[in-house]
Enquirer: 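Structure in structure tokens, see below.
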Amino acid sequence: MGSTSAHNNEGLGRRNLIKRSAALGLVTIPTMSFLSACATGGGGTEDKGTKKPEGEKSAKNPLGVKKGAPLEAFIFKGGLGDQYAIDAETDFKATYGATVKHTGTQQVGPKLTPRFAGGNPPDVIDNSGADHLDMNKLSTQGQLQDLGVLLDAASMDDAAKKIRDTIHPSTLEKGMHGDVFDVLYYAFTIYGTWYSEKLLTDKGWAYPKTLDEMVATCAEIKKAGIAPWTYAGKFPYYVHFNLFAQIAKIGGMPGWIEIDNLEPNAWAKNDAVKVVVEHYEELAAKKYFLEGSQGLTHIQSQTAWNKGKAVFIPNGSWVENEAASTTPKDFGMAVGALFDGGADDKMPAASLRAEPSEPFIVPSKGKNPAGGMEMLRIMLSKKHAQNFATKVKSLTCVTGATDGMTLSPGLASASKVFGEAGNNLISLQLQEWYPALTDEKIGGLTGQLLTGDLKASDWIKKTQKYCDDVARDSSVKKFKRTA
């Protein structure tokens, strides 16, 4: 979410995502059955018999990229497209006189799994989309380049600054596997309830601040002959972008961390789970979802939303670029913060799910890992961070990159709610660590919940069971968040 991904209670919870180095620390618990079951092949970082191209290191070439050494880039071509990467590749070519083989695809995993197994992966990969590679397995096997050297390299914009000093601290934390930084999450995604500012203004509706206000607003919307909500029924895990974060907002991050860590009874004992899931059950019972949404893809649901068939849609900030071709010029795309549940909420109003996304990796067994890291260094320049914001209407991990820019409506709204959230930012890991569990198993339950075919109480019971099953499965590698 990209993969898809701050922690809250009165002590831990109100600290800014920026400050919580411990909260995203990963304690890995590998098992022998997992290690023997990896399908990606290989183990360890040693690459015998293959000499990597080495160039002379200098102030302008801190990573020692060899002039003329070819580079291969594999870029996920989804909601963000891949032109931003092609633009960075152009600068790489001009600087190093090298050819760049570029592949834009939505099938990163299927195309690259056999190449990792064969020991000939590309040099830099945007590992995103539904068919992404399992980075946890790759990291465990030593298949990912330690990017610490990139973090310590000089910034393209200021040689006195290291890369690590120019990017959002949560990016440094999110990209860790154990004590190794081997994933660079390039984008910074704002998740929430998206809507048309023009539609709300024209109809005299205000964006709801609470769950109760949302239900009341939905009633007004339905009377006007418009569906209050739509969603990607073919991929119901899109609803989790809101549903999971809403649980964390109301119940606090300590309770959600227990869920991330697959602790026993974590869902069932969390009162916020019941509040949030029953809210969705009520929306379904009152038929506040666009008829037929259960059969729509993410593109189809976004198109219906753009056409004014529904007012609200759960999504991430990539939606502005992904839905650009069907979005009316005066649509006024906007995103709202999470809803208040009541006076007992553990996190305050304006709390927001915002986290690093779009994971880039450099295979350790690629032919030109120095070139792969240099490609990322180029992308982390202010020039290319601004190009990304312009081309795909999304933020990057480069801090302050969009300062002074004229932003598109959706990006401007995302930046606004991000600022209003202040320290109250939420980052979740369940979808990141266990996508089969959340996207397929729990996603299937969510699909039934939104069609009215499953009660909230049954959703909670079955979700707890699915999580317990994964917790007991020794073939699944486990990760833990520490507070």
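As a basis for the values below, the full set of heavy atoms in this structure was taken, side chains included, without hydrogen atoms, waters or symmetry mates.
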Enquirer: Check the side chains of Ser394 and Asn321 for a donor-acceptor pair under 3.5 angstrom, ignoring hydrogens and angles.
Expert: no
Enquirer: So, do Lys465 and Asp469 sit near enough that their side-chain heavy atoms are less than 4.5 Å apart?
Expert: yes
Enquirer: Is any side-chain heavy atom of Ile125 closer than 4.5 Å to one of Phe360?
Expert: no
Enquirer: Please report the interatomic distance CD(Glu220) to NZ(Lys222), rounded to the nearest 0.5 Å.
Expert: 14.0 Å
Enquirer: Just wondering, are more than 12 heavy atoms of other shown residues or ligands nearer than 6.0 Å to NZ in Lys455?
Expert: no
Enquirer: Which heavy atom of Phe289 sits nearest to which heavy atom of Ala284, and what is that distance?
Expert: CE1-N, 3.7 Å
Enquirer: Could you give the distance from CG (Leu147) to CE (Met373), rounded to the nearest 0.5 Å?
Expert: 7.0 Å
Enquirer: Measuring from Thr217:OG1 to Asp212:CG, what's the distance to the nearest 0.5 Å?
Expert: 10.5 Å
Enquirer: Where is the tightest heavy-atom contact between Ser351 and Lys249, given as atom of each residue plus distance?
Expert: CB-CG, 3.8 Å
Enquirer: Suppose we screen for salt bridge (charged side-chain N to carboxylate O under 4.0 Å, His left out). Which residues come up paired with Lys234, at least two apart in sequence or across chains?
Expert: none
Enquirer: Less than 4.5 Å apart, side chain to side chain, heavy atoms only: is that true for Phe388 and Leu395?
Expert: no
Enquirer: Taking Lys269 first and then Glu263, would you say they form a salt bridge - that is, a charged N and a carboxylate O separated by under 4.0 Å?
Expert: no
Enquirer: Any donor-acceptor pair under 3.5 Å linking the side chain of Thr171 with the backbone of Ile167?
Expert: no
Enquirer: In this structure, is the centre-to-centre distance between the rings of Phe418 and Phe188 below 6.0 Å?
Expert: yes
Enquirer: Under the rule for side-chain hydrogen bond (donor to acceptor under 3.5 Å, both in side chains), what residues qualify as partners of Gln302, not counting sequence neighbours?
Expert: Asn315, Glu322
Enquirer: Is there a side-chain contact between Lys309 and Ile226 in this structure, where contact means two heavy atoms from C-beta onward sitting under 4.5 Å apart?
Expert: no
Enquirer: Rounded at 0.5 Å granularity, tell me how far NE2 in His240 sits from CD1 in Ile247.
Expert: 9.0 Å
Enquirer: So, for Tyr195 and Trp305, which heavy atoms are closest and what is the spacing to 0.1 Å?
Expert: N-CZ2, 3.5 Å
Enquirer: How close do Leu425 and Ala354 get, counting heavy atoms only, and between which atoms?
Expert: CD2-CB, 4.2 Å
Enquirer: Any salt bridge linking Asp340 with Lys209? Criterion: basic side-chain nitrogen under 4.0 Å from a carboxylate oxygen.
Expert: no
Enquirer: Pairing donors with acceptors under 3.5 angstrom, does anything connect the side chains of Thr326 and Lys307?
Expert: no
Enquirer: Say you draw a straight line from OG1 of Thr189 to CH2 of Trp318; how long is it, rounded to the nearest 0.5 Å?
Expert: 6.0 Å
Enquirer: Looking at every heavy atom in both Pro122 and Arg115, which two are closest together, and how far apart are they?
Expert: N-NH2, 3.6 Å
Enquirer: Within the distance-only criterion (no hydrogens, no angle test), does the side chain of Ser139 pair as donor or acceptor with the backbone N or O of Met135 below 3.5 angstrom?
Expert: no
Enquirer: Would you say Asp134's side chain and Lys137's backbone share a donor-acceptor pair under 3.5 angstrom?
Expert: yes
Enquirer: Are Pro409 and Glu320 close enough that some pair of their side-chain heavy atoms sits under 4.5 Å apart?
Expert: yes
Enquirer: Does the side-chain contact (heavy atoms from CB on, under 4.5 Å) test come out yes or no for Met333 and Val319, once each step is laid out?
Expert: CA-CA 9 Å; Met333 192 174 291; Val319 66; 4.0 Å; yes
Enquirer: I'd like to know if the side chain of Lys478 reaches the main chain of Val476, judged simply by a donor and an acceptor atom lying under 3.5 Å from each other, with no hydrogens or angles considered.
Expert: yes
Enquirer: Say whether, by atom type as modelled, one donor and one acceptor occur between the side chain of Asp123 and the main chain of Glu72 under 3.5 angstrom.
Expert: yes
Enquirer: When you look at Asp458 and Leu445, which way does the side-chain contact (heavy atoms from CB on, under 4.5 Å) test go after all the steps?
Expert: CA-CA 9 Å; Asp458 292 324; Leu445 298 178; over 6 Å; no
Enquirer: Between Arg353 and Ser427, is there a side-chain heavy-atom distance shorter than 4.5 Å?
Expert: no
Enquirer: Is it the case that the side chains of His132 and Asn127 hold a donor-acceptor pair, with the cut-off being a distance below 3.5 Å and no angle test?
Expert: no
Enquirer: For the residue pair Ser128 and Asp126, confirm or rule out a side-chain donor-acceptor distance under 3.5 Å.
Expert: no
Enquirer: Between Val124 and Met379, does the side-chain contact (heavy atoms from CB on, under 4.5 Å) criterion hold? Intermediate values first, please.
Expert: CA-CA 12 Å; Val124 61; Met379 289 173 58; over 6 Å; no
Enquirer: Which residue in the set Leu144, Asp146, Leu150, Leu376 passes side chain to side chain contact (heavy atoms under 4.5 Å, CB included) when paired with Val362?
Expert: Leu376
Enquirer: Atom CG of residue position Asp344 - does it have more than 12 heavy atoms of other residues, nucleotides or ligands inside 6.0 Å?
Expert: no
Enquirer: Please check: side-chain N/O of Gln464 versus main-chain N/O of Trp267, any donor-acceptor pairing under 3.5 Å?
Expert: yes
Enquirer: Determine, using ring centers only, whether Phe244 and Trp256 are less than 6.0 Å apart.
Expert: yes
Enquirer: Spell out, as yes or no, whether a donor-acceptor pair under 3.5 Å connects the side chain of Gln106 to the backbone of Phe76.
Expert: no
Enquirer: Would you indicate whether the side-chain heavy atoms of Tyr280 and Asn242 approach each other to under 4.5 Å?
Expert: yes
Enquirer: Any non-hydrogen side-chain atom of Ile442 less than 4.5 Å from a side-chain atom of Leu437?
Expert: yes
Enquirer: Say you draw a straight line from CE of Met347 to CG of Leu338; how long is it, rounded to the nearest 0.5 Å?
Expert: 8.0 Å
Enquirer: Answer yes if the ring centres of Phe312 and Trp229 are under 6.0 angstrom apart, and no otherwise.
Expert: yes
Enquirer: Is a side-chain N or O of Ser357 found less than 3.5 angstrom from the main chain of Tyr185, in a donor-acceptor match?
Expert: no
Enquirer: Would you please test Ser301 and Thr230 for side chain to side chain donor-acceptor pair (under 3.5 Å) and show each step?
Expert: CA-CA 6 Å; Ser301 62; Thr230 188; 5.2 Å; no
Enquirer: Specify the closest pair of heavy atoms between Thr446 and Pro236, including all atoms of both residues, with the distance to one decimal.
Expert: CG2-O, 4.2 Å
Enquirer: One pair to check against side-chain contact (heavy atoms from CB on, under 4.5 Å): Phe74 and Leu112. What are the steps and the verdict?
Expert: CA-CA 9 Å; Phe74 236 79; Leu112 292 185; 3.7 Å; yes
Enquirer: Is the centre of the Trp194 ring less than 6.0 Å from the centre of the Phe241 ring?
Expert: no
Enquirer: Side chain of Asn424, backbone of Ala421: donor and acceptor closer than 3.5 Å?
Expert: yes
Enquirer: Give a yes or no answer on whether the side chain of Tyr231 reaches the backbone of Leu290 with a donor-acceptor pair at less than 3.5 Å.
Expert: no
Enquirer: Compute whether any side-chain donor of one residue and acceptor of the other, for Asp453 and Thr451, lie under 3.5 angstrom apart.
Expert: yes
